**Q** 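Pasting a structure here, questions to come.
Quantities reported herein were computed from a predicted structural model and do not represent experimental measurements. Every number for a ligand or one of its atoms is a count from 1 in the order of the listing.
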Amino acid sequence: MTIEFRDLKRQYQTYKSEIDQAIADVLKSGTFIGGEPVKVLEKELADYVGVKHCITCANGTDALTLVLLAWGIGEGDAVFVPDFTFFATAEVVAYAKATPIFIEVDEKTFNMDPQKLENAIKEVISEGKLNPKVIIPVDLFGLPANYPEIEDIGLKYELLVLEDGAQGFGGHINGKRACSFGHAATTSFFPAKPLGCYGDGGAIFTNDDELAELLNSLKVHGKGKDKYDNVRIGMNSRLDTIQAAILRVKLKAFIDHEVKDVNKIAAVYNKELNEIVKTPYIPEGYYSSYAQYTIKLKDGIDRENLINELNILGIPSMVYYPKMLSEQMVFNSTKVNKDVKLNISSKVLALPMHPYLNGDELDYIISEVKVAILKIEANN
Ligand SMILES: *Cc1c(COP(=O)(O)O)cnc(C)c1O
């Protein structure tokens, strides 16, 4: 059996007629930037998330950059990011000429540890060199970060909170949806994300009317009353009309069944694997969109060995992420939290996960993971 890590072809086959029709409609309309599909999608996304404004843009990295630009973040500012996330979360901070401060993550949730965050804020304040400005929590692997505590810390120290929900779209905390936390939130429609398009795409969510207006200007060259009246320095960052049309079909499937399906699959994985590996920890009241199904291997299980064993059996697995951000060479000169847990990145392994994984495939993966781990343990 050969299994896809994330089977986008199967999703396309399931919705082929609707997606083909949506693309054909855009081609016929002759409008390829903006237009009705983008406007309608923004409304649908905002309604689903439960916020006033959705501003689509070219990708999830631009989404973060646009918010930092709108907030005027730059040199001398400290921005707090988790040490364990995709590079872009910290890249946008450095790109804005601000300083990323890496915060240790909780070993169970893999998300920013609120206590460590507060310690780091206090340290930056007492050093007096940088101005603490923004916290960017990440909903890693689909699990919303600890917003109840992080938002309190934000209030206490008067910092802005920007939710990086690139992986979190579809999750919630007690019914409050991912991408509705903080002062603004962003997501990505990169094809492999929980809600993906057929290329690059991204969006920003906020309840702040002024911020929404500013973002709509910044994403189109700092436009004033129109594109040729430029009142500020902005960017060119828009979601293509074709991508918006595709996303409208996919959003429906996402809401109808896809998020539920990945949660059903996760429940089976959890039940079958929890004795031999650490399965994902979902706190009470939290719901994950399972952008990844990430297990943590026990001490003594050689990860490379396991990856190879699974590969031979047609089971792909991925290491998200092989390095902590503070270990990335480009951030070497940046200030690093001294007691960062470097062991997390060496122990994690993501298994195939997507809404179209069928029962036979799931059983096969589970039994082969068990066999492979037992074999590695026996040879130790
Ligand atoms: C994917 C991702 C991004 C960037 O999104 P792009 O659309 O690829 O630019 C940012 N943050 C996190 C946590 C991501 O996973």
Side-chain angles (χ1 to χ4, degrees), residues 5-6 8 41 45 54-69 79-96 100 102-103 105-106 109-112 134-147 150 161-171 178-179 181-182 184-205 215 219 235-240 243-244 246-247 250 262 280 288-294 318-326 328 330-331 344-345 348 350 353-354:
F5 186 73
R6 187 169 182 91
L8 297 173
L41 175 72
L45 288 169
C54 168
I55 300 100
T56 53
C57 61
N59 56 68
T61 306
D62 277 7
L64 292 164
T65 292
L66 281 162
V67 176
L68 295 182
L69 188 59
V79 178
F80 302 87
V81 300
D83 193 35
F84 192 48
T85 171
F86 179 57
F87 188 67
T89 312
E91 184 183 30
V92 296
V93 176
Y95 188 78
F102 301 108
I103 308 300
V105 296
D106 181 282
T109 63
F110 299 136
N111 280 334
M112 182 182 268
V134 181
I135 307 165
I136 310 184
V138 175
D139 304 336
L140 203 71
F141 307 144
L143 179 70
N146 187 345
Y147 293 102
I150 292 172
V161 175
L162 170 55
E163 172 185 7
D164 180 351
Q167 303 180 16
F169 193 83
C179 296
F181 296 100
T186 61
T187 198
S188 163
F189 303 125
F190 181 82
K193 304 280 164 147
L195 176 64
C197 60
Y198 289 159
D200 277 312
I204 305 161
F205 299 88
L215 290 166
K219 73 177 232 188
M235 294 167 65
N236 173 22
S237 186
R238 295 173 295 224
L239 181 72
D240 291 348
Q243 299 303 343
I246 293 163
L247 278 167
K250 292 229 220 174
V262 288
S288 175
S289 60
Y290 284 102
Q292 303 296 340
Y293 183 84
T294 302
M318 304 289 278
V319 176
Y320 297 121
Y321 294 92
K323 282 181 181 178
M324 306 303 274
L325 287 187
S326 55
Q328 293 283 5
V330 291
F331 291 131
I344 289 181
S345 56
V348 287
M353 173 57 110
H354 61 82

**Q** With atoms numbered from 1 as shown, which atoms in ligand 1 lie under 4.0 angstrom from a non-hydrogen atom of T85?
**A**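 Under 4.0 Å from T85, ligand 1 has these atoms: 13 (C).
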
**Q** By number and element, which atoms of ligand 1 are closer than 4.0 Å to a non-hydrogen atom of Q167?
**A**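 Going through ligand 1 atom by atom, the ones under 4.0 Å from Q167 are 13 (C), 14 (C), 15 (O).
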
**Q** To the nearest 0.5 Å, how far apart are CG in L143 and CZ in F110?
**A**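 Going from CG on L143 over to CZ on F110, the span is 10.0 Å.
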
**Q** Any atoms of ligand 1 less than 4.0 Å from a non-hydrogen atom of V138? List them with their elements.
**A**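 That gives atoms 13 (C) of ligand 1.
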
**Q** Establish, from distance only, whether the side-chain atoms of Y198 and D240 form a donor-acceptor pair under 3.5 Å.
**A**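 No, D240 and Y198 have no side-chain donor paired with an acceptor closer than 3.5 Å.
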
**Q** Please write down residue, atom name and distance for the protein heavy atom closest to atom 8 (O) of ligand 1.
**A**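 The closest heavy atom on the protein side is S188 OG, 4.0 Å.
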
**Q** How close does the nearest protein non-hydrogen atom get to atom 4 (C) of ligand 1, and which residue and atom is it?
**A**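 Minimum-distance protein heavy atom for atom 4 (C) of ligand 1 reads T61 OG1, 3.4 Å.
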
**Q** Below the 3.5 angstrom mark, is there an N/O of D200, backbone or side chain, next to an N/O of ligand 1?
**A**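 No, there is no polar N/O contact under 3.5 Å.
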
**Q** Using a 3.5 Å distance criterion without hydrogens, assess whether the side chain of T187 forms a donor-acceptor pair with backbone atoms of G165.
**A**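 Present.
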
**Q** Looking only at N/O atoms, are G60 and ligand 1 under 3.5 Å apart anywhere?
**A**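 Yes: some nitrogen or oxygen of G60 is under 3.5 Å from one in ligand 1.
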
**Q** Within the 4.0 Å heavy-atom shell around A166, which atoms of ligand 1 are there?
**A**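 So the answer, numbered in order with elements, is 2 (C), 3 (C), 10 (C), 11 (N), 12 (C), 14 (C), 15 (O).
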
**Q** Go through ligand 1 atom by atom and flag the ones less than 4.0 Å from a non-hydrogen atom of N59.
**A**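 Those of ligand 1 that fall under 4.0 Å from N59 are 7 (O), 9 (O).
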
**Q** Hey, could you give me the CZ/CD1 distance between F84 and I344, rounded to the nearest 0.5 Å?
**A**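 So the CZ of F84 and the CD1 of I344 are separated by 6.5 Å.
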
**Q** Taking all non-hydrogen atoms of both residues into account, name the closest pair between D139 and P144 and its distance.
**A**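 It is OD1-CA, 3.5 Å.
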
**Q** Please identify which atoms of ligand 1 are closer than 4.0 Å to at least one heavy atom of T89.
**A**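 The list of qualifying atoms is 11 (N), 13 (C).
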
**Q** Give me the residue, atom name and distance of the protein heavy atom closest to atom 1 (C) of ligand 1.
**A**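 Looking at atom 1 (C) of ligand 1, the protein heavy atom closest to it is K193 NZ, 1.4 Å.
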
**Q** With rounding to the nearest 0.5 angstrom, report the OG1 to NZ distance, T65 to K219.
**A**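 Spacing of OG1 (T65) from NZ (K219) equals 15.0 Å.
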
**Q** Among all the protein's non-hydrogen atoms, which is closest to atom 13 (C) of ligand 1, and how far away is it?
**A**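 So the nearest neighbour among protein heavy atoms is D164 OD2, 3.4 Å.
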
**Q** Give the numbers and elements of all ligand 1 atoms closer than 4.0 Å to a heavy atom of F86.
**A**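 In order of number, 1 (C), 2 (C), 3 (C), 12 (C), 14 (C), 15 (O).
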
**Q** Any chance CZ of F87 has more than 12 other-residue heavy atoms, nucleotides or ligands included, within less than 6.0 Å?
**A**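 For F87, atom CZ is crowded (more than 12 foreign heavy atoms under 6.0 Å).
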
**Q** With a 3.5 Å distance limit and no angle check, can you tell me whether S289 reaches the backbone of P194 through a side-chain donor-acceptor pair?
**A**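 It does not hold such a pair.
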
**Q** Can you tell me if D83 uses its side chain to pair, donor with acceptor, with the backbone of S326 under 3.5 Å?
**A**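 Side chain of D83 to backbone of S326: a pair is present.
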
